Amino acid sequence: MPEGNEIHRFAQQHAAAFAGKRVHVDSPNGGFPDAEILDGRKLLRVDAVGKHLGYNFGRDLILHVHLGMYGDFHQGEMPFPSVKGALRLRIYTRTDWIELRGGTDTSIFTQAKWESLLRRLGPDPLIPGTDPKLAFEKIAKRNTPIGALLMDQSVIAGIGNIYRAELLYRARIHPLRPGKDVDQAALKSIWNDAKKLMGAGVKDTRYVTTLAKNRPHKSGPVREDEERYVYRRHGKPCFVCGTKIERADLAGRTAYWCPTCQKK
DNA sequence: GCAAAATGTCAAG
DNA sequence: TTGACCTTTTGCA
């Protein structure tokens, strides 16, 4: 279910509970038979890059988790909740536990494999100090729509369908505009906006991208139906201009945009 | 009770 | 470009 912000949040929370400690690892539904290799070892640290998590148990023992579209974690203090559903992985100590369900990949990586993963990922806006230059250069060369490039993890790591839609709305750029027609100043502002929005999304579990001045209810708590400008708002009026939000498939995922505010 | 959809990625054709 | 895969939740019978 997650974009990069949630991955980084999981890394922080899981490290807080387990890093530097000997942990138990098991797989109640048998979906991760290698759990026993890790059981009883010390978890050194938890890394997050883009949408990937690496639980580092020492060289060549890196538990790689990619949640894909459906994977999710739950975390809590002992005792365990009752086992239900397809519980693939648990990590726990005497006091804390996490549970993992779903997900595209749960497997043990060598150091070399982890490094080759890092090599094929673009810069991650959630890693402080990251230089976006390589991403800008790739985008400037390509005819591919910017809406597809922002989701391409080898261009920029961590952006998913919600942030793609909302970043492009906030930049007033149509998702079908070719990458090479997005100027450098616009790319820079999208990158800075990604750092800001996704950074807020690490702390806040809601994806709020609207400015208060654009919300129909400008004060009070943000209403659920006013959190975002375009994502899953097709057929509804744009908060800024009133035009109906459109949607279409783009690179295998549904893109959303305002045909008036966002220019091709 | 069942179909459909969902914040993702990869491989086959 | 399409299908396959992982699982839960929602909406409609």
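The structure displayed is predicted, hence computed values, not measured ones. In what follows, every heavy atom counts, from backbone to side chain, and hydrogens, waters and symmetry copies are set aside. So that the names make sense, note that chain A is the first sequence line, chain B the second, and so on, each numbered from 1.
- Stacking here means ring centres nearer than 5.5 Å and ring planes tilted less than 30 degrees, and by that measure Y70(A) does not stack onto dC6(C).
- The nearest whole Å value for the distance from the OH atom in Y231(A) to the P atom in dT7(B) is 3 Å.
- An OP1 or OP2 oxygen of dC10(B) is reached within less than 4.0 angstrom by a side-chain nitrogen or oxygen of R120(A).
- Figure legend: cation-pi geometry between R232(A) and Y256(A) absent, as NZ or CZ is not positioned both under 6.0 Å from the six-membered ring centre and within 45° of its axis.
- Note on G252(A): nothing from the nucleic acid sits closer than 4.0 angstrom, heavy atoms only.
- Shown here for M198(A) and N5(A), the closest heavy-atom pair between the two residues is O-CB, 3.4 Å.
- Q153(A) comes within contact range of the sugar-phosphate backbone alone, with a heavy-atom separation under 4.0 Å but no base atom that close.
- A salt bridge links D225(A) with R223(A): at least one charged nitrogen is closer than 4.0 Å to a carboxylate oxygen.
- Between I162(A) atom CD1 and dG8(B) atom P there is a gap of 8 Å when expressed in whole angstrom units.
- In this structure, I159(A) places its CD1 atom 11 Å from P of dG8(B), rounding to the nearest Å.
- The phosphate of dT7(B) has neither OP1 nor OP2 within less than 4.0 Å of any side-chain N or O from K51(A).
- Heavy atoms only, all atoms of each residue included: I37(A) and L61(A) are closest at CG2-CD2, 4.0 Å.
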